[in-house]
Amino acid sequence: MADVAKKVSSERLLLILPEALEAIHEVIRKHRVTDEEWLAVLDFLTEVGKQDEFVLLSDVTKTSVLVDSITHEDESGVTPSDVEGPLYREDPPWREKPVKIYEEYEGVENGDVLFVHGKVTSTDGAPISGAVLDIWQTGPDGGYDIWDERQPDYNFRGRFGVYEDGSYEFQTMVPKPYTVPTDGPVGRMLEATGQHPWRPAHIHFKVEAEGHEPLITQVFFPDDPYLDNDTIGAVKSALVRPLTRHESEEELTQRGLDVPFYTCEFDITLEPAISAAPA
Ligand code: BEZ
Ligand code: FE
């Protein structure tokens with residue numbers, strides 16, 4: 001509770017907590033919840049805490065998406081925010097230009113090379129030359145580095161700066177849909193309630209720049225079977241970006257590749273920092 005009190009003012013806590021408890025009591029009264037049932041709920045929540053799955057629980061109950069949308073509801077003319085999820089890792093490697101966020105490993109050849117590019121600008125259209133991008137995603141199969149023993153540590157993760165004109169490009173591989181972790185209490189809850197655990201393929205972005213609000217978002221791709229039923233409900237149409245396939249000899253030579261590759265354009269607009277905005 002001490003940590004909550006540090007981030008949430010006591011007025012907000014005194015306003016929200018009694019109403020949250022009243023809502024829970026109302027459900028308990030309505031459904032005549034028994035001693036045994038309530039203890040099962042407490043056991044479940046204890047296990048969620050022990051296995052560090054509270055963020056995952058917030059995500060799959062679509063609570064994270066709701067809170068994110070309320071937090072950013074007043075923003076317009078900027079790239080939509082999206083939830084961070086539990087799979088971000090602190091201190092990813094710094095990647096020098098030309099940026100490639102993965103190393104080769106056994107199995108990577110089964111994926112498609114993808115170059116993601118775009119420009120980071122402020123709401124007035126000015127390029128932000130000091131912006132730093134932080135990317136994380138799954139590989140073309142086998143999921144995140146932390147789940148896939150074949151992958152080097154921090155594979156498909158990395159931070160890097162943009163060019164002087166605010167543009168960026170990084171080489172990665174087209175990610176695939178994957179399931180959120182299902183081996184813990186949240187996975188058992190999903191199974192018990194008949195909710196599938198799949199997320200559409202996506203790439204996570206954190207973008208930071210001096211004088212601007214930080215942005216956390218995700219990019220999705222058209223025709224994904226889970227676009228309309230992401231288990232965390234995080235898909236926004238403005239974040240679905242087409243993939244373009246390139247296979248001409250000229251394009252392959254230019255990229256130094258001998259297999260077709262894809263590109264995806266994702267321009268990013270950041271909001272000037274609240275404290276930097278004119279009064
Ligand atoms: C993810 O996209 O990394 C993620 C989001 C929510 C739950 C689990 C994973
Ligand atoms: Fe993810």
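We count ligands from 1, going down the list as the structure has it; atoms in each ligand are counted the same way. Positions are given from 1, in the same order as the sequence printed here.
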Would you say the side-chain atoms of [X] pair up with the backbone N or O of [Y], donor to acceptor, closer than 3.5 Å?
X	Y	answer
Ser167	Tyr163	no
Gln195	Thr231	yes
Asn155	Tyr102	no
Glu109	Gly107	yes

Closest to atom 3 (O) of ligand 1 among protein heavy atoms sits Tyr178 OH, 2.8 Å

Identify the closest protein heavy atom to atom 6 (C) of ligand 1: which residue and atom is it, and at what distance? Asp59 OD2, 3.1 Å

Element-labelled atoms of ligand 1 that are located less than 4.0 Å from some non-hydrogen atom of [X]:
X	answer
Ile232	5 (C), 6 (C)
Val180	7 (C), 8 (C), 9 (C)
Leu56	7 (C), 8 (C)
His204	1 (C), 2 (O), 3 (O)

Under-4.0 Å heavy-atom contact with ligand 1, by part of Pro86 that carries it: side chain

When you compare the side chains of Glu75 and Ser81, does any donor N or O come within less than 3.5 Å of an acceptor on the partner? no

Less than 3.5 Å apart, any donor N or O on the side chain of Ser64 or Ser58 sitting next to an acceptor on the other? yes

Heavy-atom contact check, 4.0 Å cutoff: does [X] meet ligand 1?
X	answer
His202	yes
Tyr144	yes
Gln218	no

Is Glu73 atom CD crowded by more than 12 heavy atoms from other residues, nucleotides or ligands, each under 6.0 Å away? yes

Below the 2.8 Å mark, what number of protein N, O or S atoms do you get around the Fe ion (ligand 2)? 4

So, Asp59 and Arg199, do they make that salt bridge, N to O below 4.0 Å? no

Do the charged groups of Glu191 and Arg188 touch, with an N to O distance under 4.0 Å? no

Decide whether an N or O pair under 3.5 Å exists between Arg199 and ligand 1. yes

Look up atom CZ in Arg241 and atom OG1 in Thr263, then write down how far apart they are to the nearest 0.5 Å. 11.5 Å

Shortest non-hydrogen pair, Pro272 vs Glu213, comes out as O-CG, 3.9 Å

